[in-house]
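Worksheet for the structure shown next.
Computation of the quantities below employed the complete heavy-atom set of this structure, encompassing side-chain atoms and omitting hydrogens, waters and symmetry-equivalent molecules. Small disclaimer: the values here were computed from a predicted structure and weren't measured. Reminder, nothing fancy here: chain letters follow the sequence lines and each chain counts from 1.
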Protein chains: 2
Amino acid sequence: MATSDLSSDSLDFGILHDLIGYRLRRTQLVFFNRFAEACTDLGISPGLFGVLVLVSRNPGRTQTAIAQALGNDRSAMVAAVDKLEKMDLVERRPSLNDRRSYALYLTEHGETFYQTIENRVREHEQGLESLLEPGEKDLLIDMLARLCQAGRNGGV
Amino acid sequence: MATSDLSSDSLDFGILHDLIGYRLRRTQLVFFNRFAEACTDLGISPGLFGVLVLVSRNPGRTQTAIAQALGNDRSAMVAAVDKLEKMDLVERRPSLNDRRSYALYLTEHGETFYQTIENRVREHEQGLESLLEPGEKDLLIDMLARLCQAGRNGGV
DNA sequence: TATTGTTATACTCTATAACTATA
DNA sequence: TATAGTTATAGAGTATAACAATA
């Protein structure tokens with residue numbers, strides 16, 4: 001194979017490298033994969049981790065409340081809570097004032113497990129954060145939060 | 001329904017709001033949905049747009065070369081190129097020096113179409129970019145590019 | 001009538017393995 | 001033997017529609 005063909009040298013990305021959306025997608029994929037590497041032995045995906053955080057910080061909320069906060073459909077919560085319940089991390093308790101809904105709580109094991117995985121996630125975050133200059137992370141988070149607000153309305 | 005229950009007030013996101021990965025996921029979802037709104041009538045998803053850009057800027061490359069540049073598996077390119085070919089935007093030409101592979105080119109219609117959609121995407125980008133202060137976009141792109149490099153090796 | 005949890009369903013995206021024809 | 005394109009397949013992730021129980 002000659003090196004003069006068109007198969008091996010780097011490609012021109014044109015507008016792609018200047019598009020926030022494209023950069024977001026690629027970077028988010030990196031974070032997702034790195035998260036999976038860091039937490040796969042614990043059986044927790046980024047999505048499940050989000051549920052754990054919200055249940056930990058907001059015990060007693062319903063599945064729908066957690067789903068709405070995370071921006072997911074409530075139907076997606078069923079399998080997620082099923083999985084977390086089978087792992088003995090979360091439990092559904094009958095809601096006191098509304099017999100249609102469950103109140104979600106971390107189990108005793110879930111509380112200690114949560115500390116473990118939150119530490120793991122903090123380490124994971126700090127590892128990636130080290131690619132930024134001091135103070136840049138806060139600005140990055142702030143910019144992403146502002147861009148996210150475009151999702152709340154149709155206009156810009 | 002009383003307002004004193006635990007269903008309606010905003011939730012505590014704990015560590016989640018400080019995690020770059022979580023912010024990336026939410027923001028990327030907003031961009032994806034906005035892109036879809038802007039380009040759904042043209043039948044082009046963000047992924048297909050990436051293929052169009054790379055074929056436009058690098059005519060004659062193979063499917064595998066495009067796939068690798070975009071970080072996708074070769075097998076995913078088959079359906080993508082099939083779709084773009086049915087839309088008369090891209091054509092597979094037999095490769096001159098390797099009868100296993102195809103060389104990808106924009107069709108004549110693809111060239112004019114590409115100008116249309118690139119303009120559409122530029123408008124879309126500028127709309128979201130307006131949520132940032134002047135000069136912030138370049139820094140954002142730069143930070144995302146640095147974070148992306150964590151995907152090229154296992155270390156940090 | 002509206003809402004909660006649930007089920008069934010489907011659609012996208014993505015990755016893997018195996019096949020063929022070439023190299 | 002290795003590679004390009006292809007196919008079949010499977011796994012996430014996500015969304016919609018409809019249902020029973022309850023509000």
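Of all the heavy atoms in A:L11 and B:A69, the pair that sits closest is CD2-CB, 4.1 Å. Heavy atoms only, all atoms of each residue included: B:E91 and B:L106 are closest at OE2-O, 4.4 Å.
The interatomic distance linking B:M77 (CE) with D:dT3 (P) rounds to 19 Å, in whole Å. Remark: C1' of D:dA12 and CD1 of A:I44 are 15 Å apart, rounded to the nearest angstrom. When rounded to the nearest whole Å, the span between OH of A:Y102 and C1' of D:dA20 equals 12 Å. Across the protein-nucleic acid pair, A:I66 atom CD1 and C:dG5 atom P stand 10 Å apart, rounded to whole Å. Spacing between atom CD of A:E85 and atom P of C:dG5 amounts to 12 Å, rounded to whole angstrom units. Going from atom CZ of B:R92 over to atom P of D:dA4 covers 15 Å, rounded to whole Å. Nucleotide C:dT6 holds its C1' atom 9 Å from the CG atom of A:D82, rounded to whole Å.
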| Nucleotide by nucleotide, 5' to 3', does protein get under 4.0 Å of the base (B), only the sugar-phosphate (S), or neither (-) in nucleotides 8-23 of chain C, counting heavy atoms? | ------SSB----BBS
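Take B:Y102 and apply the ring-ring contact (aromatic ring centres under 6.0 Å, His included) test, not counting sequence neighbours, and it matches no residue.
To the nearest 0.5 Å, atoms NZ (B:K137) and CD (B:E129) are separated by 4.0 Å.
Put simply, the side chain of A:D142 never gets that close to the backbone of A:D138: no donor and acceptor are under 3.5 Å apart.
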| query | Should B:K86 and B:D82 be marked as a salt bridge (Lys or Arg N to Asp or Glu O under 4.0 Å) after you check the CA-CA gap, both sets of side-chain angles, and the distance that decides it? | reply | CA-CA 6 Å; B:K86 274 173 196 154; B:D82 283 353; 5.6 Å; no
